[in-house]
Amino acid sequence: MRTIPEKILGGEVDDYVTKSVDRVMLHDGNTPLIFEDMEGEDIWNPEKVTSVVDHFCPPSTTERAGFVKRLREFVEEKGIVDHVEFQGICHQIMCEGRALPGEVVAGIDSHSTMYGAVGAFGIGFGASDTVEILKKGETWLKVPETVKVEITKESTGTDLALKMLKKIRYDGNYKFLEFVDRVGLNMDARMTISNMAAETGAKAAVFPPDEVTREYLSEFGISGDIPFPGSSKTCDNIRISAEEPLIALPHKPYNVEKVSSVEGKSIDQVFIGSCASGRMTDLRKAANVLKGKRIHPDVRLLVSPASKRIMMKALDEGIIEELVRAGAVILNTSCGPCPGIDKGLMAEGERCLTTQNRNYAGRMGKGKIFIANSEVCALSAVQGVISLPEGDL
Amino acid sequence: MKRRARVFGHDITLDEIHPGSYFSLDEDILIQGLMEGVEPGFHETVEKEDIIVAGRYFGMGSGRESGAWAMKLAGIDMVVAESFSRYMFRNCVNNGIWPIEFEGILEHVSEGDMLEIHPKKGKMILEDGTELTFKKFPNWIIELIEENKVKEDK
């Protein structure tokens with residue numbers, strides 16, 4: 001029996017193969033690096049390309065405004081039809097009916113592993129690789145070893161992801177993570193986990209499609225048979241569960257401890273959002289905590305839903321109003337403060353608690369970043385210090 | 001030719017190698033960001049043909065190629081690390097930079113050591129004259145690196 005990567009990519013583990021891609025994702029953050037190399041070049045199939053403006057969204061410098069303008073022109077020149085501007089974070093956009101089970105999707109971004117939540121083999125690439133992919137519709141890949149990650153107890157997507165990072169650290173580098181979901185997590189949690197799998201270095205990270213996938217895709221009018229090559233043969237197996245809320249301490253996402261170990265530490269900023277955890281499940285939990293309360297005067301709370309679709313749902317459910325009443329600043333749907341590009345940076349010495357995927361030094365300005373689930377984030381925004389919610393996860 | 005080693009530790013991420021706030025197509029801004037997240041001011045002390053030496057998992061996290069671009073602009077065309085993230089490996093290859101894997105390199109090299117490296121031969125001569133060997137690159141990777149080095153030098 002062969003592994004999922006062997007079936008999808010062909011060849012055997014450690015072989016170099018040339019593989020065609022089914023779809024490509026471009027975003028304004030990295031695509032400016034390819035404009036020059038793509039001059040005069042045709043895209044192998046422009047219908048298979050999605051272009052998203054989410055990083056410089058809206059742009060904060062004239063140079064970046066120029067990138068967005070140039071991307072618009074690029075899309076026009078190359079015949080790309082699917083251009084999505086200021087409507088959501090690229091990975092969320094791709095998971096809203098674009099990336100499909102069994103497809104190989106090349107993204108110009110490291111969190112492209114997220115498409116694994118819907119059963120797609122999402123792989124991130126740098127700019128030069130993306131140029132070759134756009135020209136030829138294929139690239140070289142090393143067939144990765146598979147590690148099964150078995151989820152044995154229900155918890156939030158963030159806590160399960162943090163537990164995974166604590167266990168695997170960077171040893172997912174070059175590997176394929178195949179999730180074995182024993183508890184039937186919802187799609188929001190699966191997206192958080194497959195997104196943050198990028199932090200292990202994994203090439204791709206897939207939840208083999210099941211009823212949850214089918215039901216989710218039907219929301220986008222996708223139905224019928226879901227083609228997917230089954231499960232992998234026996235391989236390394238890691239079990240994850242989270243008994244209590246966890247937190248990643250600066251400056252590594254795998255630097256994970258129990259929230260209780262840092263309770264009481266003061267914070268300056270809280271950010272709920274990003275492609276890792278800016279979805280309805282995350283926003284509902286935050287709104288539940290914040291309903292009828294006010295955030296601490298020394299804390300600024302920034303919230304950014306991961307897509308317009310999510311923003312609309314949150315408006316319909318009254319979540320946005322509750323958050324604003326509690327003192328939150330609602331940012332437009334975008335990468336927002338997470339990559340430290342267009343808004344929400346920290347001054348030297350400040351601390352931010354966030355639902356995002358990365359807490360590396362140099363990210364989000366000069367401060368220190370702590371990662372936790374949205375409920376811990378919301379409660380901590382009220383208390384002004386890192387706080388542990390009562391009761392079960 | 002002997003070249004100066006600039007040594008970093010384990011798990012140096014792309015956000016440290018090139019913080020997102022230095023993302024630009026302006027070459028001066030790109031260079032200023034090089035290693036700014038781990039050694040502020042590095043761009044002022046780096047010299048053409050310095051060799052970056054690092055520990056495990058060099059370049060984890062983001063796949064932003066601006067990191068490899070900044071190295072290239074600074075005149076770096078060799079990085080020796082115990083291991084590379086898959087993004088950093090590919091971005092180096094695509095920018096004509098040799099991503100040389102060498103288990104335990106940090107035990108052999110200190111900041112400022114002068115090294116002689118022959119990437120195609122898989123051979124390295126340390127400051128004290130000790131000769132070490134590393135696994136050679138497959139020919140098609142060597143071709144890619146050389147092709148990309150020429151392309152970038154144009």
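Bear in mind the structure is a predicted one, so any value in this text is a computation, not a measurement.
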Compute the centroid of each ring, for B:H10 and then for B:Y57, and state whether the two points are separated by less than 6.0 Å.
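Aromatic pair excluded; centres sit 6.0 Å or further apart.
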Flag the pair B:F8 / B:F58 as yes when their ring centroid distance falls below 6.0 Å, and as no otherwise.
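No: the rings miss the under 6.0 Å criterion.
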Under 4.5 Å heavy-atom distance to chain B, tell me which part of [X] shows up: side chain, backbone, both or neither.
X      : value
A:L141 : both
A:D129 : both
A:F125 : both
A:K142 : neither
A:D342 : neither
A:A198 : neither
A:T200 : backbone

Heavy-atom pairs under 4.5 Å with chain B - which of [options] has more of them than the others?
options                        : answer
A:K252, A:E199, A:H111         : A:K252
A:Y16, A:W140, A:F35           : A:W140
A:I341, A:D171, A:T61          : A:D171
A:P339, A:S110, A:G340         : A:S110
A:M364, A:K366, A:R169, A:R363 : A:R363

Can you see whether [X] engages [Y] through a side-chain donor-acceptor pair at a distance of less than 3.5 angstrom?
X     : Y     : value
B:N95 : B:E65 : yes
B:T45 : B:R6  : yes
B:T13 : B:D15 : no

In terms of heavy-atom proximity below 4.5 Å to chain A, should [X] be classed as side chain, backbone, both, or neither?
X     : result
B:S85 : both
B:Y87 : side chain
B:S83 : neither
B:I12 : neither
B:F84 : backbone

Side-chain touch [X]/[Y], heavy atoms, less than 4.5 angstrom:
X      : Y      : value
B:K149 : B:E146 : no
A:N173 : B:R86  : yes
B:E36  : B:S21  : no

Ignoring hydrogens, what is the shortest heavy-atom contact between A:V17 and A:L9? Give both atom names and the distance.
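That would be CG2-O, 3.8 Å.
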Using a 4.5 angstrom heavy-atom cutoff, name the option from B:A68, B:P138, B:S24 with the most pairs to chain A.
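Looking at each option in turn, the highest pair count goes to B:S24.
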Lys/Arg cation over aromatic A:Y170: B:R56, 6.0 Å, 45° cone
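No.
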Carboxylate-amine/guanidinium proximity below 4.0 Å for A:K135 and A:D37
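The answer is no: the pair does not qualify as a salt bridge.
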